[in-house]
S.K.: 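Questions regarding the structure given below will be posed in turn.
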Number of protein chains: 2
Amino acid sequence: MRFIDNPYQCPVTRTMSIIGGKWKPIIINCLGDKSLRFGKLNQLMPAISNKVLSNELKELEALTLIERTEFQELPPRVEYKLTTAGQSLLPLMHEVAKWGNSHLAKQLENQLH
Amino acid sequence: MRFIDNPYQCPVTRTMSIIGGKWKPIIINCLGDKSLRFGKLNQLMPAISNKVLSNELKELEALTLIERTEFQELPPRVEYKLTTAGQSLLPLMHEVAKWGNSHLAKQLENQLH
DNA sequence: ATTTCTAGTTACTAAAAGGTTACTACTATT
DNA sequence: AATAGTAGTAACCTTTTAGTAACTAGAAAT
């Protein structure tokens, strides 16, 4: 997701510029307070391809919202977790989840099939 | 934004399926409690083209989140406003805006330039 | 000797999203 | 007689996003 020109400094526009992609909020929410490996994230989000997951993780890392820890083991082990900055998004994710649990949201999701 | 396969019924994934596009949250937030004309929306969001705005409004209308009222006048006048269903998203937009107003968000927005 | 396990990367292709320009209809104003 | 004003639409083109399949390393287990 490209940067959105924001001359009026709209805070919603700003948020969408930063985490407005399709997957970023889902990844942030999956991580929550946990530390998860690449493969585990892939399992939790079966609809994302490993290429896209890899890209999204890199972007989130560049934004300093997540931290990547590589262990010198074989087979490789890499863990991802939210930084303090990333954790500041959790209350927002909680609201997103709250709306997603509403009857209306469930109904609209069905309509999209 | 296409429907995201959601076998574990993740509520965040569901929300992203429905309003996860780049522009939908911004439009919903712009509308707020007001009724706005097409041209006014275009002014408030200078970075969106009229083609894309037109498409997004149609999608939001199909989701029953906004209502379109056409006045029989010349030059044409059309107003858009949130339905009751659409208004249920306002608390969430409030949280989005809250995070967008944070120091961190402003810093990250600058970094994207 | 082969398979498994992990976390990716690379190359290629397909699909979706987005942008640009020009155009319409009708009235009122200059 | 020409221009402005509104809410789009149509055709065309470019950019971005996404998906697939094949491949890597090195140790451990079969």
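Lettering follows sequence order; numbering is per chain, from 1.
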S.K.: C:dG19 C1' sits how many Å from A:Asp5 CG, rounded?
M.R.: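 Whole-Å distance recorded here is 15 Å.
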S.K.: Does any non-hydrogen side-chain atom of A:Leu82 lie less than 4.5 Å from one of A:Leu90?
M.R.: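 Sidechains of A:Leu82 and A:Leu90: in contact.
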S.K.: How far apart are the closest heavy atoms of A:Leu112 and B:Ser17, and which atoms are they?
M.R.: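 So the two residues come closest at CD1-O, 3.7 Å.
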S.K.: What's the shortest heavy-atom distance between A:Asn101 and B:Pro11, and which atoms?
M.R.: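 Heavy atoms of A:Asn101 and B:Pro11 come nearest at OD1-CB, 3.6 Å.
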S.K.: C:dA17 P sits how many Å from B:Phe3 CZ, rounded?
M.R.: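 Nearest whole value for this atom pair: 15 Å.
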S.K.: Does a side-chain heavy-atom distance below 4.5 Å link B:Val78 with B:Thr69?
M.R.: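 Answer no - side chains too far apart.
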S.K.: Nearest of D:dA7, C:dG8, C:dG18 to any side-chain atom of B:Arg68?
M.R.: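 The closest nucleotide is D:dA7.
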S.K.: Walk along nucleotides 19-30 of chain D from 5' to 3' and tag each nucleotide B, S or - by protein heavy-atom contact under 4.0 Å, base first, then sugar-phosphate.
M.R.: BB-----B----
S.K.: How close or far is atom P of C:dG8 from atom CZ of A:Arg77, stated in whole angstroms?
M.R.: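 One finds 13 Å between P of C:dG8 and CZ of A:Arg77, rounded.
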S.K.: For residues 36-53 of chain A, which side-chain donor-acceptor pairs fall under 3.5 Å, sequence neighbours excluded?
M.R.:
residue : atom : partner : partner atom : Å
A:Arg37 : NH2  : A:Pro76 : O            : 3.3
A:Asn42 : ND2  : A:Ile48 : O            : 3.2
A:Ser49 : OG   : A:Val52 : N            : 3.3

S.K.: Determine the contact category for B:Tyr80: base if any of its heavy atoms lies under 4.0 Å from a base atom, sugar-phosphate if only primed atoms, P, OP1 or OP2 are that close, otherwise nothing.
M.R.: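 The answer is sugar-phosphate, as B:Tyr80 gets under 4.0 Å only of primed atoms, P, OP1 or OP2.
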S.K.: Taking DNA chain D as the partner, which of residues 34-44 of chain B come within under 4.0 angstrom of it by heavy atom?
M.R.: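 Residues of residues 34-44 of chain B under 4.0 Å from DNA chain D: B:Arg37, B:Phe38, B:Gly39.
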S.K.: Nearest whole Å is fine: how far is D:dA7 C1' from B:Glu79 CD?
M.R.: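 So the CD-C1' distance, B:Glu79 to D:dA7, works out to 13 Å.
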S.K.: Provide, to the nearest angstrom, the distance between the CG atom belonging to B:Asn55 and the P atom belonging to C:dA17.
M.R.: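 The distance from CG of B:Asn55 to P of C:dA17 comes to 10 Å, rounded to the nearest Å.
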S.K.: To the nearest Å, how far apart are B:Lys58 NZ and C:dA17 C1'?
M.R.: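 One finds 15 Å between C1' of C:dA17 and NZ of B:Lys58, rounded.
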S.K.: Provide, to the nearest angstrom, the distance between the CG atom belonging to A:Leu57 and the P atom belonging to D:dA18.
M.R.: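 Rounding to the nearest Å, CG of A:Leu57 and P of D:dA18 are 13 Å apart.
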S.K.: Given atom CD of B:Glu59 and atom C1' of C:dG18, what is their separation to the nearest angstrom?
M.R.: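 To the nearest whole Å, that distance equals 13 Å.
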S.K.: Can you sort out the partners of A:Glu56 under side chain to side chain donor-acceptor pair (under 3.5 Å), two or more places apart, ordered by chain and number?
M.R.: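 By the side chain to side chain donor-acceptor pair (under 3.5 Å) rule, A:Glu56 matches A:Lys24.
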S.K.: Test A:Val96 against every option in B:Thr15, B:Thr13, B:Val96 by the side chain to side chain contact (heavy atoms under 4.5 Å, CB included) rule and name the one that passes.
M.R.: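 Going through the options one by one, the only one that passes is B:Thr15.
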S.K.: Mind jotting down which residue pairs meet the side chain to side chain donor-acceptor pair (under 3.5 Å) criterion with at least one end in residues 72-94 of chain B? Sequence neighbours excluded, please.
M.R.: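 Side chain to side chain donor-acceptor pair (under 3.5 Å) check on residues 72-94 of chain B returns A:Trp99-B:Ser88, B:Ser35-B:Glu79, B:Arg68-B:Tyr80, B:Glu73-B:Arg77, B:Arg77-B:Glu79.
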S.K.: So which pairs with a foot in residues 96-113 of chain B pass salt bridge (Lys or Arg N to Asp or Glu O under 4.0 Å), sequence neighbours left out?
M.R.: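 Output for this query lists A:Arg14-B:Glu109, B:Glu95-B:Lys98.
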